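Below is one structure, written out as structure tokens; comments come after it.
Keep in mind it's a predicted model, so treat the numbers as computed, not measured. Side chains included, hydrogens not; waters and symmetry mates left out as well; all remaining heavy atoms used.
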Amino acid sequence: MSSDRPLAAEPNRKPITPGEIFSDPVLMQLRRSLLGWYGSRGRDLPWRHTRDPYKIWVSEIALQQTQVKTAIPYYHRFLDRFPTIADLAAADLQDVLKAWQGLGYYARARNLHRAAQALVCDFGGVFPREFDSAIRLPGIGRTTAGGILSAAFNAPVPILDGNVKRILARLTALEVPVKQAEKSLWALSDRLLDRRNPRDFNQALMDLGATVCTPKNPTCLLCPWSDRCQTRQYNLQSQIPMRETSAPIPHKTIGVAVIWNDRGELLIDRRPPEGLLGGLWEFPGGKIEPGESMEECIAREIREELGIEIAVGDRLIEIEHAYTHFRVTLTVHHCRHLSGEPQAIECDEIRWVDVDELDNFPFPKANVKIIEALRDSNFRG
DNA sequence: TACACGTGGCA
DNA sequence: TTGCCAAGTGT
């Protein structure tokens with residue numbers, strides 16, 4: 001221990017490091033108390049009513065970096081639309097992305113689709129029981145593999161998601177950000193895991209993190225582990241887990257064109273298959289440059305991206321939107337097609353569509369706001 | 001090993 | 001308005 005550690009001073013405390021093994025009787029007590037708590041306080045969640053590894057897989061993917069409340073309606077709609085692995089494998093990627101529209105992190109949908117096709121090819125459309133097979137599937141990492149295999153097959157595989165990291169960091173009063181202790185936290189999750197009931201144990205851990213050992217204001221009075229928690233003992237709940245340092249997020253100003261032709265159709269493009277919002281459709285546009293007016297920006301971007309000339313008209317709407325690593329202001333203008341045949345220069349595909357057809361394409365959230373504004377302005381005449 | 005990757009909610 | 005956080009994975 002360094003003498004100038006950043007945590008509030010409790011001079012004589014002896015933190016438990018994650019690598020340090022709890023004694024067997026303590027481990028048994030922790031398992032028993034958590035499973036007891038889960039029996040009475042655990043959540044009733046849709047994917048806990050099935051042992052179908054496909055359904056559990058879909059739930060685990062939808063839940064990555066996503067709160068339960070947000071994921072639930074997508075879970076139902078996705079399985080309604082693609083009831084089996086074979087259905088998902090046979091579907092068009094565009095339909096899969098449409099089912100995922102609004103949930104974000106669209107690589108999850110692309111990976112689900114690819115993984116389903118791999119399962120049909122290599123495993124007869126059956127989700128594997130082996131960890132080494134599961135973790136090779138795109139979109140399935142160590143935590144998701146553990147979540148699926150423990151929930152579907154009661155396999156003794158540990159997990160280490162955000163909830164478990166926070167719980168274990170607090171249990172041991174971890175003195176470094178969790179990112180710096182991944183290895184020992186995995187070891188602790190594995191050591192704690194109840195081998196007789198890994199399914200309920202892992203689910204209980206996540207419920208505890210989501211409902212009791214929350215990031216802010218944890219309800220330690222309701223926690224089955226409070227008597228063993230080093231963080232509670234020294235009242236460091238607001239300081240552990242320690243914050244990671246993060247860079248400030250930039251802000252971009254984007255000009256966007258809603259381009260009409262003389263048949264009353266508008267122009268949309270499909271983004272490249274990988275990267276930000278990969279495979280989704282959008283209204284074309286781009287970042288404003290220094291000294292440029294918004295009208296100049298939009299005309300230039302459309303010339304560069306689509307090879308056509310347009311007249312930039314009235315502003316339709318301005319949209320503020322936050323992504324993970326940057327924020328944007330979209331300034332959207334009605335535009336009129338003047339000359340040139342649109343070409344897919346910086347995108348995958350372009351299409352002229354009627355307003356009523358827009359619902360058939362997957363759009364990112366910010367573009368859905370544009371579509372809504374378009375409909376509203378039509379109603380007003 | 002860091003960083004990219006969406007969206008909603010909350011202070 | 002800005003920052004942080006939530007059932008992580010891929011590169």
By ring pair (Phe, Tyr, Trp, His ring centres under 6.0 Å), F201(A) pairs with (sequence neighbours left out) none

R336(A) meets the side chain to side chain donor-acceptor pair (under 3.5 Å) criterion, sequence neighbours left out, with none

- Donor-acceptor pair (no angle test) under 3.5 Å: R243(A) side chain, dG3(C) base: no

Any N or O donor-acceptor pair linking the side chain of R43(A) to the base of dA7(C) at under 3.5 Å? yes

For residues 272-284 of chain A, which side-chain N or O atoms pair as donor and acceptor with protein atoms under 3.5 Å away, sequence neighbours left out?
{"unit_1": "W281(A)", "atom_1": "NE1", "unit_2": "Q94(A)", "atom_2": "OE1", "d": "2.7"}
{"unit_1": "E282(A)", "atom_1": "OE1", "unit_2": "R271(A)", "atom_2": "NH1", "d": "2.9"}

Taken in chain and number order and not counting sequence neighbours, the residues that satisfy side chain to side chain contact (heavy atoms under 4.5 Å, CB included) with R243(A) are none

The side chain to side chain contact (heavy atoms under 4.5 Å, CB included) partners of V120(A) (sequence neighbours excluded) come to I85(A), A89(A)

For the pair made of [atom1] in [X] and [atom2] in [N], what is the distance, rounded to whole Å?
X       : N      : atom1 : atom2 : value
L205(A) : dA6(C) : CG    : P     : 15 Å
R114(A) : dT9(C) : CZ    : C1'   : 11 Å
L103(A) : dG8(C) : CG    : P     : 12 Å
Y105(A) : dA6(C) : OH    : C1'   : 9 Å
D200(A) : dA7(C) : CG    : P     : 19 Å

Sorted by number, residues from residues 152-163 of chain A placing a heavy atom under 4.0 Å from DNA chain C are D161(A), G162(A), N163(A)

The correct set of residues in residues 207-215 of chain A placing a heavy atom under 4.0 Å from DNA chain C is A210(A), P215(A)

Excluding I288(A), membership of its hydrophobic cluster (Ile, Leu, Val, Met, Phe, Trp, Tyr; side-chain heavy atoms within less than 4.5 Å) reads I259(A), L267(A), M294(A), I298(A), I302(A), L306(A), I308(A), I310(A), V312(A), I350(A), W352(A)

Note: with side-chain heavy atoms under 4.5 Å as the link, the other cluster members for Y105(A) come out as none

On DNA chain B, more 5' by nearest nucleotide between K69(A) and Y106(A) is Y106(A)

Exercise answer: donor-acceptor pairs, residues 144-159 of chain A side-chain atoms, under 3.5 Å, sequence neighbours excluded:
{"unit_1": "T144(A)", "atom_1": "OG1", "unit_2": "Q64(A)", "atom_2": "NE2", "d": "3.0"}
{"unit_1": "S150(A)", "atom_1": "OG", "unit_2": "G146(A)", "atom_2": "O", "d": "2.7"}
{"unit_1": "S150(A)", "atom_1": "OG", "unit_2": "G147(A)", "atom_2": "O", "d": "3.4"}
{"unit_1": "S150(A)", "atom_1": "OG", "unit_2": "N202(A)", "atom_2": "ND2", "d": "3.1"}
{"unit_1": "N154(A)", "atom_1": "OD1", "unit_2": "R199(A)", "atom_2": "N", "d": "2.9"}

Do R228(A) and S33(A) have side-chain atoms, one donor and one acceptor, less than 3.5 Å apart?
no

Say whether H49(A) and D44(A), considering side chains only, have a donor N or O and an acceptor N or O under 3.5 Å apart.
-> yes

Exercise. Checking E296(A) side chain against S293(A) main chain: does a donor-acceptor pair fall under 3.5 Å?
Worked result: yes

Treating E357(A) as the side-chain partner and D354(A) as the backbone partner, does any N or O pair qualify as donor plus acceptor under 3.5 Å? yes

Could you please spell out the steps behind the salt bridge (Lys or Arg N to Asp or Glu O under 4.0 Å) verdict for R375(A) and D356(A)?
CA-CA 9 Å; R375(A) 300 226 162 99; D356(A) 293 338; 5.0 Å; no

Using OP1 and OP2 only, check whether a side-chain N or O of R110(A) sits under 4.0 Å from dG10(C). no

Strictly below 4.0 Å: does T144(A) bring a side-chain N or O up to OP1 or OP2 of dA7(C)? no

Please classify the nucleic acid contact of G147(A) as base, sugar-phosphate, or nothing, using heavy-atom distances under 4.0 Å.
nothing

Q) So F78(A) and W100(A), would you call those rings parallel, tilted or perpendicular, with 30° and 60° as cut-offs? A) perpendicular

So, with a heavy-atom separation below 4.0 Å from DNA chain B, the residues of residues 44-68 of chain A are Q65(A), T66(A)

Of dG3(C), dG8(C), dA7(C), the nucleotide closest to the side chain of R327(A) is dG3(C)

Bounded by its outermost nucleotides with an atom under 4.0 Å from a heavy atom of chain A, the footprint on DNA chain B reads dA4(B) to dG8(B)

